[in-house]
Amino acid sequence: MIAFVSGPVAALAPTTAVIQVGGVGMAVQCAPATLAGLRIGEEARLATSLVVREDSLTLYGFADDDERQVFELLQTASGVGPRLAQAMLGVHSPDALRLAVSTGDEKALTAVPGIGKKGAQKLLLELKDKLGTPLGSAGPAGVRRAASGPAPWTEQLAAALVGLGYAPREAEEAVDAVTPQAEAALAETGTAPVPQLLRAALQTLNRAR
């Protein structure tokens, strides 16, 4: 198993970072929050989990070892593959997931795209004795939140766009362009789907060019 990759960031895409390791570019699938912390040309260290399928080898990357461990534990639940596990960590921090499972918070899990009420109930039952207790403070709603300032999705989206090489002003304009879409999602599900918003923002930037 590849436990981590370390090296300069060679390229960034909406869902992938390429880390140069010993002259080889390692493509790593990452959540938007992880990508937002990376910059092309700067050194990075990502904890990783290698998912092996008959027709593919996919490396998933995380900000730290705790996220990777939770990512792997989530997949022990039936119906949870790597994409859904990563989506869960895109919406919730590891401690937020521990808190949601330990308190039976269905609403926190249904905030993740792809998880309905029945799926949330099943996950709460299967994960109850696997994730353990929260290690720190996850916040009352169990969702990644900033203490103050703009909504977390705006910060994540703007940082991801800047990391992809866009100017801060372009990133700000793109965030403004997708705000109605984000607000509609927040009203319906209680969370803003950053991966979808990033794709929409990139489309507006491409049209502007």
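Just so it is clear, the structure is predicted and the values come from calculations on it, not from any experiment.
Cluster annotation: L57 is not connected to F4 through the hydrophobic network of ILVMFWY side chains, with a link wherever side-chain heavy atoms come within less than 4.5 Å.
When the side chain to side chain donor-acceptor pair (under 3.5 Å) test is applied to T76, the partners found at least two apart in sequence or on another chain are K130. Checked against side chain to side chain donor-acceptor pair (under 3.5 Å), T16 has the following partners two or more places apart in sequence or in another chain: Q29. Judged as a side chain to side chain donor-acceptor pair (under 3.5 Å), and not counting sequence neighbours, Q20 has no contacts. Residues passing the side chain to side chain donor-acceptor pair (under 3.5 Å) test with T34: none are found, sequence neighbours excluded.
Rounded to the nearest 0.5 angstrom, I2 CD1 and T48 OG1 are separated by 6.0 Å. Note that the CZ atom of F62 and the CZ atom of F71 stand 4.0 Å from one another [nearest 0.5 Å]. To the nearest 0.5 Å, the span separating CD on E72 from CD on Q69 amounts to 8.0 Å. Atom CG of residue L99 and atom CG of residue L131 lie 11.0 Å apart, to the nearest 0.5 angstrom. Here the straight-line distance linking atom CE of M88 with atom CG of L109 works out to 5.5 Å at 0.5 Å rounding. The CG atom of L35 sits 8.0 Å away from the CG atom of L198 when rounded to the nearest 0.5 Å.
Within the 4.5 Å cutoff, side-chain heavy atoms of V5 are placed close to those of L59. In this structure, the side chains of V28 and V18 stay at 4.5 Å or more apart for every pair of heavy atoms. Taking the side chain as every heavy atom from C-beta outward, V21 and S6 never approach each other to under 4.5 Å. Counting heavy atoms from C-beta outward, L202 and P14 have side chains that approach closer than 4.5 Å.
Residues P8 and G41 approach most closely at CB-O, 4.3 Å, considering heavy atoms. Of all non-hydrogen atoms in I40 and A10, the two that sit nearest each other are CG2-O, 4.0 Å. Between P113 and L84, the shortest heavy-atom distance links the atoms O-CD1, 4.0 Å. Shown here for Q86 and A31, the closest heavy-atom pair between the two residues is NE2-N, 3.6 Å. Looking at every heavy atom in both residues, A201 comes nearest to V178 through N-CG1, 3.7 Å. Looking at every heavy atom in both residues, E67 comes nearest to P94 through CG-CG, 3.5 Å.
At most 12 heavy atoms of other shown residues, nucleotides or ligands fall within 6.0 angstrom of atom CZ in R83.
Between the side chain of E42 and the main chain of L38, no donor-acceptor pair closer than 3.5 Å is present.
Residue pairs satisfying the salt bridge (Lys or Arg N to Asp or Glu O under 4.0 Å) criterion with at least one member in residues 48-66, sequence neighbours excluded, are listed as follows: D65-R68, D66-R98.
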Cut-off 3.5 Å, no hydrogens considered: what does the side-chain donor-acceptor table look like for residues 114-127, sequence neighbours left out?
unit_1	atom_1	unit_2	atom_2	d
Q121	NE2	E106	OE2	3.2
K122	NZ	S78	OG	3.2
E126	OE1	S78	N	2.8
E126	OE1	S78	OG	3.4
E126	OE2	S78	OG	2.6

